[in-house]
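Below, chain A is the first sequence line, B the second, and so on; all start at residue 1. Only heavy atoms go into these numbers, but all of them, side chains included; no hydrogens, no water, no symmetry mates.
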Amino acid sequence: MAKVRTRIAPSPTGDPHVGTAYIALFNRCFARQHEGEFILRIEDTDQTRSTARSEQDILKALRWLGLDWHEGPDVGGPHGPYRQSQRSDIYRAHIEVLLENGQAFCCFCTAERLDALRVSQTENRQTPGYDGHCLLLSEQEVQKKRAEKQPYVVRMKVPEEGDCVFTDRLRGEIRIAWEQIDMQVLMKSDHLPTYHFANVVDDHLMEITHVIRGEEWINSTPKHLLLYQHFGWQPPQFCHMPLLRNPDKSKLSKRKNPTSISYYKDMGYLPEALINYLGMMGWTMPDGREKFSIEEMQSAFDIDRVSLGGPVFDVEKLDWLNGKYIRENLDVEDFVAAFSQWAFDPVRISRIIPLLKDRVERLSDVIPLAGFFLSGLLPVSDADFKHKQLTSDDCKKILQLTVWQLEQLPEWSREGVEQLCQTLSQFLDIRIRETLFPLFIAITGKAVSTSVIDAMFILGLDVSRARLRHAIDILGGVSKKEAKDLERVLRELENYVRPVQA
RNA sequence: GUCCCCUUCGUCUAGAGGCCUAGGACACCGGGUUUUCAUCCCGGCAACGGGGGUUCGAAACCCCCAGGGGACGCCA
């Protein structure tokens, strides 16, 4: 039997996500338990959203958690390159095969036509999908359009009737009618492949034997299987893991729960505890032990023990487990090392010190003044938000609008944060000192402190958002109705152009 | 709207037809240890979504319903 090979294939379009680490963990355990290999591939075919920065962050975060790989863009390996943006020629050669065999076709439809089509289908309560317009084009017409350099995509042909039946390792037989499957775009007009195409080609060329991925991919598995069939390749075994959930059971999202691995690092969780916690999402040790290392997990691993109900990511239990790790696994010396590394990161410290250097008279003033930099959520109460000019609702409004605006910042910079606060102040027609008041309480815990704008910048989006959200909760939270009103205000704010300074 | 997946305490879960009066853990509540607190120890609360089958026997197998979730992009 062929050597087991599994992979994690993150897309470098944002912060390193705990869901990525979760799937990586199970892939790695499965591979290692079978003395196989676990590889990392970067799926950066979305040119507009992928960044090198994000790729670096993801690799760093996975390494921090102890999830290392046998082959990958940084360590190399015999099946490279491991970055899809460097494999364009491979995809182009493969798409030609499908085109020649008539298993795929060129589509010249414009985005406008497709949008209109989707709208009308949705209005008529039909399942949205491509209508086969360009399927009717003759060979000559296609050649002519291509010669004229008209932009086009390549779509796959899909059987019109019958079912696609496949076996999921955890769920058994799954049957999906072909008529449910859209004529998926395989190659975009920028001549880069879509996920579905690149993923199948790479999984085959990289000799992946087991595809362990999130449940959200079940419905597109027929597309993938069809490609394997067209190429005459042996498909891997599929195994769809349950999705991590928010407390309200929806798919884990940063809007509702911190999802960035760096957030958990910044909050002072130990990587061993986080990875252990992820290991108990949908899985248990055969002997019921709850505290286990990644090595213990992989040696006792049994993928068939995965339970399928979507587990809620419950920070309270993570807190307990992290405390247990600190108490039981760190002696004083280890603790000193871990704490120093966490608290006294040189880059961070050298950003913080200039903010307080001129405000202290004794070095002993530093901790009282800057302690909030080395904290998680702050112990604030609604009384702290009492203000002579701002009502509690005003505070909530400012806090919520700030959260939303921070989330939409194209890049995290001090200037961006400042601009945003200035604009908000002008838009609300509240002086900047008042506008910043609730932010001071939420972010620094006090009405008087070092610059709150710098503080947010240094703390980062995740911790800032967590504190702002915590403050909103303290103030009674935002009801459905309030949220709706505030979203309307947000739209006005987005369209608001700051008056030019006189 | 269409399709797919899922369903045991509030949460993570054990459970492969009789071992289930459903077990463990977090959270919560009580008690003990501790100069306080935390830790630690002891105890308590709390669940098989509903309805039909199959079976001597169902949390487990089958069907229907309900609920939850996901997918339906030139995103991944």
Side-chain angles (χ1 to χ4, degrees), chain A residues 9-14 17 19-20 42-50 84 107-111 113-115 117-118 121-130 151-155 163-164 166 168 170-172 174-182 184-199 213-223 240-252 276-291 304-324 326-328:
Chain A
S11 188
T13 54
H17 198 280
T20 306
I42 293 293
E43 308 223 324
D44 55 351
T45 56
D46 184 343
Q47 294 270 278
T48 56
R49 295 198 306 147
S50 299
Q84 288 183 333
C107 168
F108 298 86
C109 293
T110 60
R113 190 183 108 78
L114 295 173
D115 285 345
L117 178 66
R118 229 186 316 276
Q121 284 168 332
T122 309
E123 277 171 3
N124 295 321
R125 295 180 176 179
Q126 289 170 314
T127 306
Y130 187 63
Y152 67 96
V153 301
V154 177
R155 289 179 182 273
D163 294 340
C164 174
F166 63 96
D168 178 276
L170 296 172
R171 295 158 204 263
I174 295 178
R175 178 180 299 265
I176 296 174
W178 282 117
E179 59 175 22
Q180 290 295 323
I181 309 301
D182 197 12
Q184 179 64 47
V185 171
L186 300 178
M187 186 168 282
K188 301 177 276 188
S189 53
D190 63 4
H191 289 236
L192 287 176
T194 58
Y195 165 86
H196 301 281
F197 187 64
N199 191 265
R213 57 169 26 165
E215 192 180 358
E216 72 232 77
W217 296 110
I218 290 178
N219 285 290
S220 34
T221 304
K223 292 172 188 172
H240 293 95
M241 295 287 295
L243 254 26
L244 261 25
R245 311 285 184 97
N246 295 312
D248 69 0
K249 304 272 188 183
S250 57
K251 173 171 153 179
L252 193 65
N276 184 164
Y277 182 68
L278 289 174
M280 53 203 255
M281 299 274 84
W283 195 79
T284 46
M285 278 290 209
D287 64 6
R289 242 181 315 159
E290 291 203 290
K291 188 182 170 212
D304 299 312
R305 285 181 63 79
V306 169
S307 63
L308 297 175
V312 171
F313 193 96
D314 174 22
V315 183
E316 266 180 354
K317 190 152 187 174
L318 172 60
D319 286 342
W320 163 78
L321 191 64
N322 200 58
K324 204 170 161 67
I326 288 176
R327 272 174 257 123
E328 297 175 3

With a 3.5 Å cut-off and no angle check, do the side chains of A/R213 and A/H240 form a donor-acceptor pair?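 Side chains of A/R213 and A/H240: pair found under 3.5 Å.
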
Quick one about A/R305 and A/T284 (side-chain donor to acceptor, distance below 3.5 Å, no hydrogens or angles considered), yes or no?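 Short answer, yes.
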
Watson-Crick or G-U wobble mate for [N], both contacts under 3.5 Å:
N	value
B/A25	B/U11
B/A47	none
B/G17	none
B/C40	B/G32
B/C3	B/G70

Going 5' to 3' through nucleotides 63-76 of chain B and flagging B where a protein heavy-atom sits under 4.0 Å of the base, S where only the sugar-phosphate is that close, and - otherwise, we get -----SSBSSSBBB

Let me have a per-nucleotide readout for nucleotides 20-32 of chain B, 5' to 3', with B, S or -, counting only protein heavy atoms under 4.0 Å. ----BBSS-----

May I have the distance from [X] (atom [atom1]) to [N] (atom [atom2]), rounded to whole angstrom?
X	N	atom1	atom2	value
A/N246	B/C12	CG	P	12 Å
A/L308	B/C4	CG	P	17 Å
A/R289	B/C12	CZ	C1'	17 Å
A/K291	B/U39	NZ	C1'	14 Å
A/D304	B/A16	CG	C1'	12 Å
A/W178	B/C4	CH2	C1'	14 Å

Give me the distance, rounded to whole Å, that separates [N] from [M] when you measure between the [atom1] atoms they each carry.
N	M	atom1	value
B/U39	B/C29	P	12 Å
B/C4	B/U8	C1'	23 Å
B/C63	B/U55	C1'	16 Å
B/C9	B/G24	P	16 Å
B/U7	B/G44	C1'	28 Å
B/G15	B/U54	P	29 Å
B/G73	B/G68	C1'	25 Å
B/G70	B/G53	P	35 Å

May I ask you to check whether A/Y195 and A/W217 place their ring centers less than 6.0 Å from one another? yes

Would you say a side-chain N or O of A/R175 is under 4.0 Å from OP1 or OP2 of B/C3?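 Checking A/R175 against B/C3: no side-chain N or O falls below 4.0 Å of OP1 or OP2.
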
Taking 4.0 Å as the cut-off, does a side-chain nitrogen or oxygen of A/T284 come that near to OP1 or OP2 on B/U13? no

How far apart are the C-alpha atoms of A/E215 and A/K251, what are their side-chain angles, what is the distance that settles it, and do they pass the salt bridge (charged side-chain N to carboxylate O under 4.0 Å, His left out) test? CA-CA 10 Å; A/E215 192 180 358; A/K251 173 171 153 179; over 6 Å; no

Map A/R171 and A/R305 onto RNA chain B by nearest heavy atom, then report which one ends up closer to the 5' terminus. A/R171

Looking for any heavy atom pair under 4.0 Å, which part of the strands does A/G282 touch: base, sugar-phosphate only, or nothing? sugar-phosphate

Base, sugar-phosphate or nothing for A/R213? Non-hydrogen atoms, less than 4.0 Å.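 No contact at all - A/R213 keeps every heavy atom at 4.0 Å or more from the nucleic acid.
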
Residue pairs fulfilling salt bridge (Lys or Arg N to Asp or Glu O under 4.0 Å) with at least one residue in residues 280-290 of chain A, sequence neighbours excluded: A/D287-A/R289, A/R289-A/E296, A/E290-A/K317

List the residues meeting ring-ring contact (aromatic ring centres under 6.0 Å, His included) with A/H196, not counting sequence neighbours, and say none if there are none.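 With neighbours one apart ignored, the set is A/H224.
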
Assess A/R245 against A/F313: is NZ or CZ under 6.0 Å from the centre of the six-membered ring, and within 45 degrees of the ring's axis?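 No, A/R245 does not lie over the aromatic ring of A/F313.
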
Just verifying a value: how many Å separate A/L278 CG and A/L244 CG, rounded to the nearest 0.5 Å? 6.5 Å

Quick one: side chain to side chain donor-acceptor pair (under 3.5 Å) partners of A/R49, sequence neighbours excluded?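 A/R49 satisfies side chain to side chain donor-acceptor pair (under 3.5 Å) with A/D46 once adjacent residues are dropped.
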
Might you work through the side chain to side chain contact (heavy atoms under 4.5 Å, CB included) test for A/V153 and A/T194, ending with a clear yes or no? CA-CA 10 Å; A/V153 301; A/T194 58; over 6 Å; no

Contacts of A/K249 meeting salt bridge (Lys or Arg N to Asp or Glu O under 4.0 Å) (sequence neighbours excluded), chain-then-number -> none

